[in-house]
There are 2 protein chains.
Amino acid sequence: MAAGLDELVQRSVTEEREAGTAGAVSGPSPRQEQVLDAVLELLAEGTDVLTMSAVARRASCSKETLYKWFGDRDGLLNATVCWQASKVRAGGYDGDRLNTSSLRASLEAFAANWLRVISSRTSIALNRVAISHAASGKSNLGEIVLCNGRFAIGERLKPLLEAARDARLLTFDDTETAFRTFFGLIGRDVQIRLLLGDRLRLSKADIARDAARATQQFLMLHRAAKAPAAPGRTKLNHRKET
Amino acid sequence: MAAGLDELVQRSVTEEREAGTAGAVSGPSPRQEQVLDAVLELLAEGTDVLTMSAVARRASCSKETLYKWFGDRDGLLNATVCWQASKVRAGGYDGDRLNTSSLRASLEAFAANWLRVISSRTSIALNRVAISHAASGKSNLGEIVLCNGRFAIGERLKPLLEAARDARLLTFDDTETAFRTFFGLIGRDVQIRLLLGDRLRLSKADIARDAARATQQFLMLHRAAKAPAAPGRTKLNHRKET
DNA sequence: AGTGTACCGTAACGTACGGTACGGCTAGGC
DNA sequence: GCCTAGCCGTACCGTACGTTACGGTACACT
């Protein structure tokens with residue numbers, strides 16, 4: 001994963017500029033956003049109905065316009081992924097002073113947000129089409145999704161983790177490894193099950209409970225030793241899940 | 001996920017019987033296995049080259065035979081998934097007496113095995129095609145993969161976990177939840193990254209290290225309190241990863 | 001030898017979809 | 001009023017692939 005994040009985020013816009021006449025340097029025009037929303041809408045209804053004709057119909061535009069604006073089908077998908085990513089971006093650590101409870105709250109909020117994202121119809125559909133394309137190797141869509149998903153949130157959380165380490169609230173050697181542990185504790189089998197079509201409903205309550213559990217477990221693994229928590233002192237959330 | 005596991009495993013064989021003349025009640029014939037291996041071979045080379053013509057060419061059989069044996073493309077894929085699943089099955093807990101170190105060894109072996117599976121070209125390709133099909137909703141391929149992957153290994157590990165709980169080596173309320181935690185600690189972001197095309201190489205050493213780390217973390221979270229391990233007493237494997 | 005069966009190789013068919021071309025409509029500038 | 005630009009709607013083209021059909025071959029059985 002050598003390519004930089006920003007470069008990837010901007011790639012589709014670049015292609016759009018190369019291919020078409022949308023002169024605006026910054027992002028898609030409102031009309032183009034309507035088109036991209038139509039793509040997201042169709043995508044949520046099933047990857048197989050996402051044909052260029054269907055997009056044109058849904059967005060009430062001509063296929064000629066689609067090709068003029070986005071170059072080809074891949075360009076349209078790239079632009080869609082970036083458009084969705086730009087809508088999902090949420091704030092990371094903003095430099096607040098940390099204490100035990102604010103750290104826990106931040107981690108829980110982060111976990112809940114990520115669970116919401118990966119269980120959304122849009123994210124599932126987008127990941128599915130990106131995975132299909134990754135198989136063909138002809139497109140960098142998977143890379144874009146990865147950079148705007150997994151890697152973006154990693155970069156967003158790391159400042160918090162490191163601030164917590166500086167504040168002696170957490171202990172770990174490698175930030176990336178610590179993040180991956182948290183990532184695993186949050187997602188577990190959820191994403192692969194959803195991608196494979198498992199009927200798995202995450203209610204708001206489920207998400208809140210999972211976020212709390214993941215955070216609790218992460219803290220147990222990485223809590224700084226200055227306040228050693230003997231296992232069993234803070235209760236583990238092993239409640240049976242529905 | 002209401003359908004039983006065994007039912008799903010057998011489904012493609014049933015279809016095969018309905019559609020064709022392969023009279024053998026049990027599984028594919030050797031010649032058919034050759035065909036299925038050819039499918040796996042092609043799949044590993046890229047999902048997009050998996051056309052019926054390519055399969056026929058690779059397996060040195062006629063398309064007519066393919067359709068007679070497997071019904072249609074979906075039937076061929078179903079049979080392939082089941083064939084691969086039948087090859088991957090490994091033994092679970094066999095009732096050995098457990099102690100601390102044998103439990104750790106079993107968990108590590110389990111984790112390493114799972115990491116090997118999800119990072120294999122075959123598994124990646126199979127999951128990709130199943131995910132593509134899950135998007136179209138027209139096939140139960142995702143269900144089959146899920147039952148032979150995620151759920152099968154869960155059922156295989158649970159006896160060990162419960163035996164360990166009975167032996168007072170582990171403590172948890174719900175076996176399924178405990179397993180999901182372990183699952184998350186093992187896989188973390190590996191599977192989604194590989195599915196999305198991230199170049200991620202897991203050497204044997206990486207796998208062994210990850211399996212040990214996941215096991216260590218899982219034990220820290222679920223070790224029975226009779227031998228309380230203060231955080232930091234046993235060193236955490238936060239070595240920087242390559 | 002004759003017949004039937006299973007199979008290979010390949011040609012052919014139908015369709016779906018990405019991509020293109022073209023006619024018509026609207027709006028803004030002169 | 002007229003011209004140009006941009007866009008809509010749609011018909012059209014080429015291709016790829018799933019599926020079917022057919023001719024030819026090897027072999028078992030009688």
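Keep in mind that what you see is a predicted model, and the values were worked out from it rather than measured. Letters go in sequence order (proteins before strands), and every chain restarts at 1.
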message = Any N or O donor-acceptor pair under 3.5 Å from the base of D:dT19 to the side chain of B:Lys63?
response = yes
Donor-acceptor pair under 3.5 Å, B:Glu64 side chain vs D:dC22 base = yes
Just how far, in rounded Å, is [atom2] of [N] from [atom1] of [X]?
{"X": "A:Leu76", "N": "C:dC17", "atom1": "CG", "atom2": "C1'", "value": "14 Å"}
{"X": "A:Leu66", "N": "C:dA21", "atom1": "CG", "atom2": "P", "value": "16 Å"}
{"X": "A:Phe70", "N": "D:dC7", "atom1": "CZ", "atom2": "P", "value": "11 Å"}
{"X": "A:Leu77", "N": "C:dG18", "atom1": "CG", "atom2": "C1'", "value": "12 Å"}
{"X": "A:Asp72", "N": "D:dG14", "atom1": "CG", "atom2": "C1'", "value": "17 Å"}
{"X": "B:Lys68", "N": "C:dC8", "atom1": "NZ", "atom2": "C1'", "value": "12 Å"}
{"X": "B:Asp74", "N": "D:dT19", "atom1": "CG", "atom2": "P", "value": "8 Å"}

query = Heavy atom of residues 48-61 of chain B under 4.0 Å from DNA chain C: which residues?
reply = B:Ser60, B:Cys61
OP1 or OP2 of C:dA6 under 4.0 Å from side-chain N/O of B:Trp69 = no
query = With a 4.0 Å cut-off, would you call B:Arg201 and B:Asp206 a salt bridge?
reply = no
key: Check ion pair B:Asp37-B:Lys87 (N to O, under 4.0 angstrom)   = yes
message = Any non-hydrogen side-chain atom of A:Ile153 less than 4.5 Å from a side-chain atom of A:Phe110?
response = yes
query = Less than 4.5 Å apart, any side-chain heavy atom of B:Trp114 and any of B:Val190?
reply = no
key: Side-chain donor or acceptor of B:Ser86 paired with backbone N/O of B:Trp83 under 3.5 Å   = yes
message = For the residue pair B:Arg150 and B:Phe183, would you count it as a cation-pi contact if the rule is NZ or CZ under 6.0 angstrom from the ring centre and within 45 degrees of the ring axis?
response = yes
query = Is a side-chain donor-acceptor pair under 3.5 Å present for B:Thr175 with B:Glu162?
reply = yes
query = Taking for each residue the nucleotide of DNA chain D with the nearest heavy atom, is it B:Ser62 or B:Arg73 whose nucleotide lies nearer the 5' end?
reply = B:Arg73
